4 protein chains.
Amino acid sequence: MNHLNSMEPGPRPVTPPGPDVSRRSGRAHKAILAATRELVAEVGYQRLTIEGIASAAGVGKQTIYRWWRSKAAILFDAVLDANSQEDGSVELPNTGDVEADLRLVLRESVAAMVDPDNDRLQRAITAEIQTDLAVAGELVRRLLRPQLDATQARIAAGIRDGQVDGSVDPGMVAELLFGPVFHRWLLRTGDLDDAFADGVLDLVLTGIRPR
Amino acid sequence: MNHLNSMEPGPRPVTPPGPDVSRRSGRAHKAILAATRELVAEVGYQRLTIEGIASAAGVGKQTIYRWWRSKAAILFDAVLDANSQEDGSVELPNTGDVEADLRLVLRESVAAMVDPDNDRLQRAITAEIQTDLAVAGELVRRLLRPQLDATQARIAAGIRDGQVDGSVDPGMVAELLFGPVFHRWLLRTGDLDDAFADGVLDLVLTGIRPR
Amino acid sequence: MNHLNSMEPGPRPVTPPGPDVSRRSGRAHKAILAATRELVAEVGYQRLTIEGIASAAGVGKQTIYRWWRSKAAILFDAVLDANSQEDGSVELPNTGDVEADLRLVLRESVAAMVDPDNDRLQRAITAEIQTDLAVAGELVRRLLRPQLDATQARIAAGIRDGQVDGSVDPGMVAELLFGPVFHRWLLRTGDLDDAFADGVLDLVLTGIRPR
Amino acid sequence: MNHLNSMEPGPRPVTPPGPDVSRRSGRAHKAILAATRELVAEVGYQRLTIEGIASAAGVGKQTIYRWWRSKAAILFDAVLDANSQEDGSVELPNTGDVEADLRLVLRESVAAMVDPDNDRLQRAITAEIQTDLAVAGELVRRLLRPQLDATQARIAAGIRDGQVDGSVDPGMVAELLFGPVFHRWLLRTGDLDDAFADGVLDLVLTGIRPR
DNA sequence: TTTTAAACGAGACGGTACGTCCCGTCTTCAA
DNA sequence: TTGAAGACGGGACGTACCGTCTCGTTTAAAA
């Protein structure tokens, strides 16, 4: 199980997701995250309350406070839990065609943002981290950085292949790809779809092709 | 005064919804927006309360509820009030040098985001519009769109000048410029400074120069 | 017109119910008292508000505050207005038969208390005077004392007639008659009807017949 | 402790309505009633507020609303708590002398009404029950009826002793005694003292002595 | 097995803020 | 010039949740 409850130190000095902790709380833990996801999707983040989660999960409030520091931390774990791969690491496909691989990952991002349940969950956590720096850092470290790094790695590979100009900064390119998509999604400045993702990608590719 | 209070009707010919704006007390209105800005900067958005605003502004709560629908709406007017130009329209300089002009506007955006008071205010409103669609639309219409449109217009002018390739979509380019900056600012994925802005601009320019 | 607005000094040093005062406020004045009576009957005293009276009477709030000091004062005038004889004085009939005369007045009191609209109005003013001593005194002076005094006078006449024993205190007897009726009405300790009034009267008469 | 909290269910076998009384915090409960009594005595009923009680008792508002339905209900419990005998039942002394026994109870009533703290409390609850029928019924059942019934019983005993005429209705006599005292107290139509109580008693006794 | 300590559900507690209702005063505007 | 309309600063309402704190009751480990 890769659930990483990184927001909470737990009653013991260090509380990795050790077996004895999980043993006890397993049922409650799952129920809480599931209830959180359902409630966010159902009533929205603004109306999400700890008491609501507790009662929907059939759990005492204290059980929530025992394991999470804040609503943001629960939300974060709920997002992580939903997005969880086995180890949190992300790797882009490398088909040998940079354009195709980037197109795929960008479209996947769009699809994730467009899915209604995910949309609410992501917006909730995005709003929350404006206030909660600890969760913000964790989110970047655990979800955003891996994605950006993987993209960056794929572009670096493209440079080695000769599909991308050697003078470009792969990290910058990654942000150039995801930034506009995120911007459009979060601020709703326009329709977010594959066409937009493709448009971004095409423009960026034009700028980074070997000269 | 050109304050644009877009959340409520304004003294338009027909004003069926909302109270009679002409009766509004200018003193109270100003005090509320000022108090809101001060409090957001001081205690942060999460701890910003209507009661706090009312008491800081020396105003009854009802006076706030009479003119604003939600905390988001107050925040929005506070932002608008702070950013207000004479007519809300934005125009980029046109020195004849696209690169220089875009660099200027992008660096200005970075500067605005980096300013601590502005940072908190902008984060607050960004968080809030995840929930409040009415304010979200208004924000885009009144603040974001004008900025994007002006940038787009400058790029279109660049095409006419022959400084930008005729095949590119100026609107897409505008989002390619602001998206990564916004992304880095909001999610704190890295340092936000002129160097980053320049990096984004250079990469984008590479892609849109006449071929 | 015998309306005596005794609760308020008015904007002039002394404001007897002079014609020029009435001239101005006549319409509004009447409308306010009527609206008060209607609203008390309709929504009860607890939910009676000045704003409600003003809007029901089609009158500005200020107009009410100009002429009355408190809600109790309006209520009081409304009661007075409803009970008003030409001069506020009360006189019991003297048919020559003390028993018959007292029975009549006691039954009339019961009838007034039992009438639903009057009931609410009287309860409202009774509740209010627990707090507002000025109105309390006025009420006693203008409504209760005259009634008690008239009753006392009829009993004194009975003594002169030889129908009542000379040793009794007529004032005490009057309170002995009204006290139990009022007690039963206000506290709802039992059914209030003519039978009860008759029972009280019979018992009292037994005690005061010439010996 | 014989506190009789008649406004909520109490630990009876079946307690469907209301929260689980057994969980009630004794400390909070006592503090609320004490604070209520103090505040009524201090600022009067009109200025008594739930918020005031809560803060004087060092208690959250919700704790009050959890256990009492209305301000009247708190007031009522405060009165009950102050008047509480071991079991709520009242029994008059029977010294063998009806007159002496009734004189005692009537004078005690007067003394209770005249005591300043009690006066305010009693007036407050009397005003409040004009509006709140549930509390009104409870008050009669728990405080007034027992008193009247005990008086009635003493009079009935007087009949058996031959001190009271057999034809009189003992219940009516009880009301004839308390009614005038209550009337004078509540409406302040005159001085309330032992002399008045004695006067009422003498007149009534004259009417009910064996003939 | 039995004991026993933790984690658990439930929910009362002292609080803070909410959004609403009125208060009594003050201001505006149309008749 | 008045008076209806209603905005204003303010206080209290009753409600929703917060995060903490008992309460018994499981329950799973150590004894």
Side-chain angles (χ1 to χ4, degrees), chain A residues 11-12 20-21 23-29 31-32 47-55 57-71, chain B residues 19-29 31-32 47-55 57-71, chain C residues 24-25 27-28 31 47-55 57-71, chain D residues 19-29 31-32 47-55 57-71:
Chain A
R12 257 75 64 75
D20 59 327
V21 172
R23 209 77 47 85
R24 258 284 180 212
S25 60
R27 201 214 113 254
H29 209 111
I32 290 164
R47 282 201 284 269
L48 179 71
T49 65
I50 300 276
E51 295 196 340
I53 295 172
S55 105
V59 139
K61 279 201 286 179
Q62 202 55 256
T63 301
I64 296 181
Y65 286 108
R66 187 151 29 234
W67 302 109
W68 288 275
R69 268 213 195 115
S70 66
K71 209 160 70 177
Chain B
D20 180 356
V21 172
S22 67
R23 280 175 178 263
R24 164 178 292 186
S25 150
R27 202 219 113 249
H29 195 92
I32 289 164
R47 281 199 284 269
L48 178 71
T49 64
I50 301 274
E51 295 198 336
I53 296 172
S55 104
V59 140
K61 275 201 287 179
Q62 200 57 53
T63 301
I64 297 182
Y65 286 108
R66 183 150 37 231
W67 300 110
W68 288 275
R69 275 200 182 120
S70 65
K71 211 160 66 177
Chain C
R24 256 283 177 220
S25 58
R27 201 215 113 254
R47 283 200 284 269
L48 178 72
T49 65
I50 301 276
E51 295 194 340
I53 296 171
S55 105
V59 139
K61 280 200 287 178
Q62 202 55 255
T63 304
I64 296 181
Y65 285 109
R66 197 164 7 249
W67 300 108
W68 289 274
R69 268 213 196 114
S70 66
K71 210 161 69 177
Chain D
D20 180 355
V21 172
S22 68
R23 280 175 178 265
R24 163 179 290 187
S25 150
R27 201 220 115 249
H29 194 91
I32 289 164
R47 281 199 284 270
L48 179 70
T49 64
I50 300 274
E51 293 197 337
I53 296 172
S55 105
V59 140
K61 277 202 284 179
Q62 199 57 53
T63 300
I64 297 181
Y65 285 109
R66 186 152 32 231
W67 302 110
W68 287 276
R69 274 195 181 130
S70 66
K71 212 159 67 178

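From a predicted model like this one, the values you see are computed outputs, not experimental measurements. Below, chain A is the first sequence line, B the second, and so on; all start at residue 1.
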task = Would you indicate, yes or no, if E:dA7 has its OP1 or OP2 atom less than 4.0 angstrom from a side-chain nitrogen or oxygen of A:Arg66?
result = no
**Request:** Please determine if a side-chain N or O atom of D:Trp67 lies less than 4.0 Å away from the OP1 or OP2 oxygen of E:dG11.
**Result:** no
B:Ile32 CD1 to F:dC8 P, in whole Å, measures 8 Å
Check your understanding: Think D:Arg27 has a side-chain N or O under 4.0 angstrom from the OP1 or OP2 of E:dG14?
Key -> yes
Between CD1 of C:Ile53 and P of E:dC22 the distance, given in whole Å, is 12 Å
The nucleotide from E:dC18, F:dA16, E:dT25 with an atom nearest the side chain of D:Gln62 is F:dA16
#### Entry: Side-chain touch D:Ile32/D:Trp67, heavy atoms, less than 4.5 angstrom
no
Between C:Leu48 and C:Lys71, the two heavy atoms sitting closest are O-NZ, 3.0 Å
Between B:Thr63 and F:dG9, does any side-chain N or O lie under 4.0 Å from OP1 or OP2? yes
Atom CD of C:Glu51 and atom C1' of F:dA7 are separated, to the nearest Å, by 11 Å
Atom NE2 of A:His29 and atom P of E:dC8 are separated, to the nearest Å, by 10 Å
*Tell me what C:Arg47 touches on the nucleic acid: a base, only sugar-phosphate, or nothing, going by heavy atoms under 4.0 Å.*
nothing
Output for pair (B:Ile53 CD1, B:Lys61 NZ), nearest 0.5 Å, gives 11.5 Å
Q. Hey, are the side chains of D:Thr63 and D:Arg66 touching, using non-hydrogen atoms and a 4.5 Å cut-off?
A. yes
When C:Gly60 and B:Ala28 are each assigned the nearest nucleotide of DNA chain F, the 5'-most assignment goes to C:Gly60
Result for 5'-nearest mapping on DNA chain E, choosing between D:Gly26 and B:Tyr65, is D:Gly26
To the nearest angstrom, the CD1-P distance between D:Ile64 and E:dC13 comes to 11 Å
Between E:dT16 and B:Thr49, is there an OP1 or OP2 to side-chain N/O distance shorter than 4.0 Å?
-> no
Comparing A:Ala57 with B:Gly52, nearest DNA chain E nucleotide closer to 5' gives the residue A:Ala57
What one should report as the nearest heavy-atom pair of C:Ala31 and C:Ala57 is O-CB, 3.6 Å
Whole-Å distance, C:Leu48 CG to E:dC21 P, equals 17 Å
Closest to the side chain of D:Lys61, out of E:dC8, E:dA17, F:dC17, is E:dA17
